[in-house]
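Note that the structure is predicted; figures quoted are calculated from it, not measured.
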Amino acid sequence: LEHTATELIEQKAAVASEAGKPETGEAKDIILDFLRMKKGTAPASAIKEFWDGHGLQKPSWKTIQNSRRKWGIDSIKTADGWEWFIPDHE
């Protein structure tokens with residue numbers, strides 16, 4: 001069976017959601033997978049929308065924002081808001 005990147009990320013998110021409280025490590029994997037699917041960069045608002053849209057409540061968005069640097073995710077302010085990216089993503 002072949003799955004698209006979106007389907008695989010959604011499956012991870014669904015498993016984490018069913019577990020009730022994804023650990024920060026699982027959140028890291030989900031967020032990094034989402035960014036990789038978006039070629040390494042995405043607006044922070046789109047990442048938050050993805051997170052909220054899957055009913056993932058733990059860790060909080062604030063915790064994710066505070067953890068992103070430890071996860072190797074950088075950000076830059078653009079005219080449209082904050083953009084998160086994986087440096088040196090190919």
Side-chain angles (χ1 to χ4, degrees):
L1 286 176
E2 289 189 24
H3 295 284
T4 66
T6 303
E7 289 171 336
L8 293 173
I9 292 169
E10 287 175 351
Q11 285 175 0
K12 269 189 185 178
V15 168
S17 182
E18 286 173 16
K21 299 179 181 180
E23 297 296 323
T24 303
E26 290 172 332
K28 173 186 174 183
D29 291 344
I30 291 168
I31 299 296
L32 284 171
D33 285 349
F34 180 82
L35 282 170
R36 287 182 194 111
M37 182 186 73
K38 300 294 185 180
K39 299 188 177 6
T41 184
S45 58
I47 299 166
K48 183 178 187 319
E49 185 178 307
F50 173 81
W51 185 258
D52 292 343
H54 284 85
L56 302 170
Q57 298 171 354
K58 299 288 181 184
S60 69
W61 180 247
K62 187 69 173 169
T63 298
I64 290 170
Q65 288 177 302
N66 291 336
S67 299
R68 79 174 161 72
R69 279 192 200 96
K70 289 186 281 188
W71 298 346
I73 300 169
D74 211 340
S75 65
I76 188 168
K77 179 86 166 151
T78 68
D80 297 324
W82 287 98
E83 187 85 9
W84 287 15
F85 64 95
I86 303 170
D88 302 323
H89 179 78
E90 294 187 23

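- Rounding to the nearest 0.5 Å gives a distance of 10.5 Å between CG of Leu35 and CZ of Arg68.
- Scanning for side-chain contact (heavy atoms from CB on, under 4.5 Å) contacts around Ala44 gives Trp82, Trp84, with sequence neighbours left out.
- Summarising the geometry of Pro87 relative to Gly72, their closest heavy-atom pair is CD-O, 3.2 Å, with the distance given to 0.1 Å.
- Of all non-hydrogen atoms in Ala46 and Phe34, the two that sit nearest each other are O-CZ, 4.0 Å.
- Here the side chains of Ile86 and Asp88 are not in contact, with every heavy-atom distance at 4.5 Å or above.
- Taken together through direct or relayed side-chain contacts under 4.5 Å among Ile, Leu, Val, Met, Phe, Trp and Tyr, Phe85 and Met37 form parts of separate hydrophobic clusters.
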Checklist entry - Given the rule in the side-chain contact (heavy atoms from CB on, under 4.5 Å) test, do Ile31 and Asp33 qualify, once you have shown the distances and angles that lead to the verdict? => result CA-CA 5 Å; Ile31 299 296; Asp33 285 349; over 6 Å; no

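- For the residue pair Glu83 / Ser75, no side-chain donor-acceptor distance below 3.5 Å is found, with atom types taken as modelled.
- Looking at Pro43 and Asp80, their side chains never come closer than 4.5 Å, going by heavy atoms from C-beta outward.
- The list of salt bridge (Lys or Arg N to Asp or Glu O under 4.0 Å) pairs with a residue in residues 39-51, not counting sequence neighbours, reads Lys48-Asp52.
- With sequence neighbours excluded, the residues satisfying side chain to side chain donor-acceptor pair (under 3.5 Å) with Ser60 are Thr63.
- Remark: Ile47 CD1 to Ile30 CD1 distance equals 13.0 Å, nearest 0.5 Å.
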